[in-house]
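We name chains A, B, ... by the order of the sequence lines, and we start the count at 1 in each one. Side-chain atoms are counted along with the backbone in the values below, which use heavy atoms only and exclude waters and symmetry mates.
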Amino acid sequence: MVPLAGGAIQSVDWLAIAPPTVTAVVALAVLVADLFLPDARKPLLGALSIGGLAVAALALIPLRGGNRSTFCLTGPGTAHACSYTVDHFTLVIQFLVLGGALLTALLSVGAIADAKLPAGEYWFLLLSSAAGATLLPASRDLATLVVALEVASLPAFALVGLRRGDARSSEAALKFFLSSVTATAVTLLGVSFVYAATGTLHLTRIADALTHTDPQLTVLAQTGVALTLVGFAFKTAAVPFHFWVPDTYVGAPLPIAAYLSVIGKAVGFTGLILVAVVAFPSYADVWAPVLAVLAALTMTAGNVAALRQRPDRAHSAVRLLAWSSVGQAGYLLVPIAAAGYADDPGHAIGSTVAYALMYAVVNLGAFAVAALVARTSPEHRITDYRGLYARSPLAALALGFFLLCLAGLPPGIIGLFAKVTVFSAAVDAGLGWLAVVMAVNVVIALYYYLQWTAVLFRPAEGEAPQAVRAPAVLTAAIALAALAGVALSGAPQLVLRFAEGALL
Amino acid sequence: MQILLAAIVALPLLGSAAALLPAPPGLRGRSPEQAVLRHGVTVTGAVLALAVALAAGFDHGHPARMQATTDISWIPALGIRIHLGVDGISLPLLVLTALLTFLCALYSYGSPPRERSTSPKAFVALLLLLEAGTLASFAVLDLMLFFLAFEMVLVPMYFLIARWGGEGRERAALRFILYTVLGSVVMLLGLLLVGIKGGTFDMVALATDNGSKLSHTTQIVAVVAIGLGLAVKAPMWPLHSWLPDAHTAAPTAGSVLLAGVLLKMGTYGFVRIVLPVAPDGAHAFAPYLAAFAAVGIIYGSLVCLSLARSGAKGDLKRLIAYSSVGHMGFVLLGIATLTPTGINGALFANIAHGLITGLLFFLVGALKDRYGTSDLDRLSGEHGAALYGKAPRLGGLLAFGAVASLGLPGLAGFWGEMLAMFGSFRPADGLSRPAYLTFMALAGLGTLLTAAYMLVVVRRVCMGGNGTETAGHKPGTPPVGPLLADVQSYELVSWTPLVALTVLAGLWPAALIGLTDPAVQQLLRGGK
């Protein structure tokens, strides 16, 4: 890029910022179009949003070479630092976010019609949140990072509470909002401390500055580092910031629960990776053990709670998915913690990315089948899944496959190997104890995933609800996730290659 | 040859998927049930034919060399390659697996699994998936693929037990899978450690290195972790507690495959992975393994003896399951001697146990079908079940299985256990001889106890008055009491091969040992 006018005016690489920009522009377009469209034509908004997300995802293709930066400081005497960077890490996460949002959108079409949600607001909020989540992996300074985090989160609060007249929905939104805002406030405090100690907001410069901070400012810098991480830990639903998860998932419309479980987590751990690995590598001896302990606690808390869900209670299916997503967040944290111990952090981070991609596909798939089942049994009980194989064999096989992927047992081969990469990151970093804790957790998780899988194939009790024809969009979502899962199981290299190369 | 081996692994996998699809026109058979069961027989039969062809094409002059190898990169990111191959150690197990699965499919064709409201479609699909997993675990030469194959058998076996099993099936199935997964995840950690420190997951390369790239500590940790996973599967006392329930609850085909094939994956792993890859670690842990094995032998036979007692409400299936603990103890003892004699014995006992226990589970399954129970007390009543009188062929076969199981010379059960004890008489250098002599004595005691309970079973089930004489029955008229069908033709077809092979292996052990010995020698020399 040519520095213009002494660096006062930054040149903007429009292509590089296309994915979040397209998403945001389409969001605004939907909001405006909503004003002018008669009620009967409202489904067009869904088509527009899905199309917009697809275009945004396609905009990643010209970027696949990687290594583009924009919004750089170009003034004389300053080291090169950019606020927006497109590298392979960015691209993979943006692909995950946009792909996940696209699947969520496919789930949403039916949900909006069934629950009579306000279409315009729903699509606008979903796209805005997706735009924030797409921006986040590319941001390389703390200000952009926090802004992206909030753009991704704020619409999500509203989405959770969108079921008007439903007390549970409003309560869920409030819980989510309050705990999230507290976490953000803490993050901001941390960011200000870090800024005070280092005098910069750019991640790479912070990394430099932290290596030689004024001894008087060490405590300030340490506090800042710790507090900044808290906010991101909240988004990944790590213990002890996980209490909001089950209630929020149950209260939210189902597609939004799916969205939070995948994109919400992606946002959290991306931020965590950027902050911990890029900005604070010199404090690895502080955050790495903390993250390792958090990972162990998170997976144990999530899995044990999931284990205790009674299958005949209302919403047990969603609660189980919610708690299991907490458990999975624990696995996602393992490689990040390992990165603090490893000589080559990019390698360990790749395991998280590979695992997250697998998790995104199969978890969204599981939610998609849950949405299908909810059409006949809106109570979301696990017992409602009895006899699913007899009613709709393909949906049952798909859900069984997704659950076994989450459990990490063949035929869910991709789930197995994704776990293997996480284990290998832990073993490689010498975190043997964490690997053993995770091994025990895998067994606990297997128990409830397998119980659920077994329920699918049992004959139905009494009057089974009749099979209804699944709407085409929902079928497409399930098929898309199942195809992706099967393809990845045949060729795990497609996602696991991120686990070998240095992404950052 | 390569294609043959690849087809052996891939064919059941494809067959499993095909079993779920509706039958194509022309293959519909009498009913969808019959068509899918026939599909199972066809696919497993084809796999058996391929396995026999592989055995025939195998270069018997060089059984220590890996043959029919395929080596394709699959997941470069993790360094995982699809590396297949057979040598003298894996070939017999491969053929045994193909044979037992085929016989199970045949048996199920004759006596379809009874289950509420579903067709046997899923049964056949799961059986084939199970076969793919077991065959793959004996054919792969990559640690991660071995782990994958090891895990692949779990889900099908879980569903076979949980859906087609007997009383308490869901608990038993869950227990089976949780135990095994806990073991295998720990094993994964060990495999990863070996792979990361050794620089490769390739078993052949690692065996050639013979642990030279692994420090002593790494080897110890790796052997503990890998050994734990394999010991759960084998099963080694005291990690066996999943086994009796699973065997008792499983349907006949499930028990046969569980005992005949799945347990072998554990012992095969010891021979194929632990010994060559981490020889120092194996050397350090061999005495403990041998001790546990010896305890297992005694424990298994004592439990069997107490189950066989009159009035103990012993279940015949459970009894045979516990006898497996004892027999696998011999296999583990043989491996723990770290001598060619002991390991050859272990591999021989592996095959023999597969044949004999497979046969016994078939027979007990047939008994259970006829009587509706496998409870020994209810079977035998006060006077014994008198199977010789009521169903002479069935009784004869049961007596044959029992006698083979107790290790009568001239039958397959004898050689393996004798060689294992023989190896333990003179263990490898550096192992404590007195300790091994003790283990040998314990194992010898175990064979006596085995003979005792097996003969008790034969006496109670096969012999005895039929209880009708005392009720004023006149000699010369046909006995009353429950009418018992003797061996049916489908049963005869699926059992005869096992009987024939038991006799053959007993009379001509050299055929098998000639295959394994060069491979074992090479393994102990460090792959050279």
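- Here B:L193 contributes atom CG and A:S424 contributes atom OG; the two are 11.0 Å apart, rounded to the nearest 0.5 Å.
- With a 4.5 Å cut-off on non-hydrogen atoms, B:I80 touches chain A through its side chain but not through its backbone.
- The candidate from B:L148, B:L20, B:L154, B:V186 with the greatest count of non-hydrogen atom pairs under 4.5 Å with chain A is B:L148.
- For A:Q493 against B:W74, the heavy-atom pair with the smallest separation is CB-O, 4.0 Å.
- For the atom pair CD1 (A:I414) and CD1 (B:I75), the distance works out to 7.0 Å, reported to the nearest 0.5 Å.
- Heavy-atom distances place no part of A:I444 under 4.5 Å from chain B, backbone and side chain included.
- Here the CG atom belonging to B:L188 is positioned 6.0 Å from the CZ atom belonging to A:F423, to the nearest 0.5 angstrom.
- Heavy-atom contacts from other residues, nucleotides or ligands closer than 6.0 Å to OH of A:Y341 number more than 12.
- Atom CZ of residue B:F159 and atom OG1 of residue A:T453 lie 5.5 Å apart, to the nearest 0.5 angstrom.
- Closest approach of B:Y158 and A:Q451 over heavy atoms only: OH-OE1, 4.3 Å.
- At a 4.5 Å heavy-atom cutoff, the contact between A:V442 and chain B is made by side-chain atoms alone.
- Both the backbone and the side chain of B:L178 have a heavy atom closer than 4.5 Å to some heavy atom of chain A.
- Taking both residues in full, the closest heavy atoms of A:T421 and B:L78 are given as CG2-CD2, 3.5 Å, listed atom of the first, atom of the second, then distance.
- The parts of B:L182 that come within reach of chain A are both its backbone and its side chain, each placing non-hydrogen atoms under 4.5 angstrom from that chain.
- Inter-residue side-chain proximity for B:I177 and A:L409 is flagged as met; some heavy-atom pair is nearer than 4.5 Å.
- Dense packing is recorded around CZ of B:F285, with more than 12 heavy atoms of other residues, nucleotides or ligands lying under 6.0 Å away.
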B:E151/A:K419 under salt bridge (Lys or Arg N to Asp or Glu O under 4.0 Å): CA gap, chis, key distance, verdict | CA-CA 13 Å; B:E151 298 281 81; A:K419 287 222 164 60; over 6 Å; no

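- Per-residue heavy-atom pair counts under 4.5 Å with chain B were compared for A:G432, A:A407, A:A354, A:P410, and the maximum is reached by A:P410.
- Interface remark: of the candidates B:L191, B:L189, B:V221, B:L129, B:L189 forms the most heavy-atom pairs closer than 4.5 Å to chain A.
- Two residues are said to be in side-chain contact when any heavy atoms from C-beta on lie closer than 4.5 Å; A:R497 and B:P76 fail this criterion.
- Of the atoms belonging to B:L174, it is side-chain heavy atoms, and not backbone ones, that fall under 4.5 Å from chain A.
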